[in-house]
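Accompanying notes for the structure given below.
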Amino acid sequence: MANTWCELQIICDPVLEETVFWQLEQFGFRGMASEKKGDFRLIRSYLPSQEVQAVDLEALLQNLSKNAKLMSLAAPEIHQQQLDEEDWANSWKQYWHPQEIGNRVLINPAWLPTPDTDRIIIHLDPGVAFGTGNHQTTQLCLEALEDCINSDAVIADIGCGSGILSIGSLLLGASQVYAVDVDPLAVQSTASNRELNAIKPERLIVEQGSVERLVSLVSAPVDGIVCNILAEVIIKLIPQWNAITHTSTWGILSGILVNQAEAVSDTLTQHGWRVTSQLQKQDWCCLNIRRV
Ligand SMILES: C[S@@+](CC[C@H](N)C(=O)[O-])C[C@H]1O[C@@H](n2cnc3c(N)ncnc32)[C@H](O)[C@@H]1O
């Protein structure tokens with residue numbers, strides 16, 4: 001007899017999206033996917049039926065309505081259905097499937113079997129954190145990492161999200177990564193993905209915070225920086241980077257729209273960095289940089 005899955009569909013105000021993700025994760029739901037539905041968001045999430053206890057589900061529904069009420073928003077609309085293994089797999093495939101990135105990396109959702117491939121596999125359960133590999137900015141960073149990483153490199157991942165770039169760096173040959181994120185949920189997600197990829201905690205150190213946290217964390221200047229955050233945030237962080245880098249540290253920056261690249265480049269120049277090359281996917285670009 002096939003396993004069955006519980007699919008929860010939640011239609012809510014976009015403002016509630018993060019709260020809903022958080023609540024679902026607390027309850028143990030996996031693989032959240034969200035899409036636009038008119039002025040609302042439709043969030044789908046899944047849990048094996050045998051793990052669903054009626055009493056917990058009721059508590060989840062009450063929490064979601066309470067949160068909406070506190071923010072004076074309409075209560076989310078919730079639908080639940082059972083899917084058999086095959087239906088679940090089919091519905092899931094629309095949103096999450098193994099994804100090849102660049103020449104060497106494959107992102108595999110944690111709940112799918114490990115594919116037979118020569119590529120480096122990053123096992124990932126992004127939970128609520130950003131970094132599934134679906135976004136162009138993450139893809140650009142992973143592609144750039146393929147060319148930059150040399151063995152023994154120590155790297156700082158600023159804004160680690162799910163930990164995708166930290167884990168990618170280590171699997172591509174880096175010796176150690178210091179990862180930080182201002183969002184505690186991202187820190188949690190990076191730590192659980194570290195475990196999923198059987199990476200020792202001393203090789204991937206993850207803490208809540210930003211560059212100021214790295215200043216006290218790193219024992220020596222890092223060889224590389226990856227930072228996929230929005231351009232305006234990157235511009236604010238650049239002046240702090242000299243405290244954690246040496247004179248030939250390289251960097252990979254994304255989250256930058258093509259028309260923002262010049263402003264980022266100008267700030268880099270003012271602080272002793274230069275752009276060595278630029279990659280682009282649709283409206284997004286990725287800057288390869290080096291300290292001079
Ligand atoms: C676009 S996501 C990138 C996630 C992942 N590194 C990737 O490439 O897919 C940006 C992340 O940066 C974090 N963040 C935003 N501002 C930050 C800051 N000033 N310092 C550190 N992290 C920050 C966010 O919480 C978010 O997790």
Side-chain angles (χ1 to χ4, degrees), residues 17-19 21-22 25 32 34 96 99 101-102 105-110 122-146 148-149 155-172 174 177-194 196-197 199 204-218 222 224-241 243-244 251-257 260 264 267 279 281-288:
E17 186 173 3
E18 273 197 36
T19 316
F21 276 11
W22 166 247
E25 195 190 47
M32 287 149 241
S34 169
W96 309 98
Q99 188 180 4
I101 297 180
V105 173
L106 183 140
I107 309 292
N108 199 51
I122 303 178
H123 299 279
L124 211 66
D125 188 342
V128 291
F130 187 104
T132 58
N134 278 330
H135 202 265
Q136 285 103 337
T137 59
T138 311
Q139 294 171 7
L140 284 165
C141 288
L142 281 169
E143 286 170 19
L145 273 169
E146 277 185 15
C148 282
I149 297 269
I155 288 165
D157 180 2
I158 306 167
C160 56
S162 64
I164 185 168
L165 301 181
S166 298
I167 295 166
S169 300
L170 288 165
L171 299 180
L172 285 165
V177 177
Y178 292 92
V180 286
D181 200 295
V182 288
D183 180 353
L185 294 181
V187 174
Q188 204 178 310
S189 175
T190 295
S192 65
N193 283 316
R194 174 179 66 193
L196 202 58
N197 288 276
I199 290 169
L204 171 45
I205 294 136
V206 56
E207 296 267 344
Q208 189 180 350
S210 190
V211 183
E212 82 297 333
R213 186 73 196 98
L214 286 171
V215 173
S216 52
L217 267 182
V218 298
V222 298
I225 286 182
V226 280
C227 185
N228 178 17
I229 316 183
L230 297 175
E232 45 271 33
V233 181
I234 294 178
I235 285 173
K236 285 194 189 126
L237 296 179
I238 288 169
Q240 304 169 40
W241 289 351
I244 55 161
I252 294 169
L253 315 181
S254 197
I256 301 165
L257 289 165
Q260 298 170 321
V264 176
T267 311
L279 300 169
K281 262 189 213 286
Q282 292 173 2
D283 294 338
W284 297 98
C285 70
C286 173
L287 304 181
N288 282 297

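Whatever order the structure lists them in is the order used to number ligands and atoms, beginning at 1.
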Worksheet item: Leu165 pairs by side-chain contact (heavy atoms from CB on, under 4.5 Å) with which of Thr190, Ile158, Leu142?
Response: Leu142
Item to complete: Report yes if the side chains of Leu204 and Asp157 come closer than 4.5 Å at any heavy-atom pair, otherwise no.
Response: no
Discussion item. Distance under 4.0 Å to a non-hydrogen atom of Gly161: what atoms of ligand 1 satisfy this?
Written reply: 4 (C), 27 (O)
Worksheet item: Under 3.5 Å, side chain of Ser254 to main-chain N/O of Cys285, donor-acceptor pair present?
Response: yes
Worksheet item: Shortest non-hydrogen contact from Ile229 to Gly159?
Response: CD1-CA, 4.1 Å
Worksheet item: Counting each atom of ligand 1 from 1 as listed, which ones have a heavy atom of Ile164 under 4.0 Å away?
Response: 7 (C), 9 (O)
Worksheet item: When you look for heavy atoms under 4.0 Å from ligand 1, do you find them on the side chain of Leu165, its backbone, both, or neither?
Response: side chain
Practice prompt. List the steps and the verdict of side chain to side chain contact (heavy atoms under 4.5 Å, CB included) for Tyr178 and Ile244.
Written response: CA-CA 11 Å; Tyr178 292 92; Ile244 55 161; over 6 Å; no
Worksheet item: Does one side chain, of Arg213 or Ser216, offer a donor that lies under 3.5 Å from an acceptor on the other?
Response: yes
Worksheet item: Hey, which atoms in ligand 1 end up nearer than 4.0 Å to a heavy atom of Asp183?
Response: 25 (O)
Item to complete: Please confirm whether Ser166 comes under 4.0 Å of ligand 1, counting heavy atoms of the residue only.
Response: no
Worksheet item: Is there a donor-acceptor pair closer than 3.5 Å between any side-chain N or O of Asn197 and the backbone N or O of His123?
Response: yes
Worksheet entry | Min heavy-atom dist Cys141 to ligand 1 below 4.0 Å | no
Response to the item:
A student checking ligand 1 against Gly209 at a 4.0 Å heavy-atom cut-off should list atoms 21 (C)
Worksheet item: Quick one: does ligand 1 sit under 4.0 Å from the side chain of Ser162, the backbone, both or neither, non-hydrogen atoms only?
Response: neither
Worksheet item: When you measure from atom 18 (C) of ligand 1 to each heavy atom in Gly163, Ser254, Ser210, Ala179, which option holds the nearest one?
Response: Ser210
Practice prompt. Could you tell me which atoms of ligand 1, counted from 1 in the order shown, lie closer than 4.0 angstrom to a heavy atom of Asn228?
Written response: 1 (C), 2 (S), 3 (C), 7 (C), 8 (O), 9 (O), 10 (C)
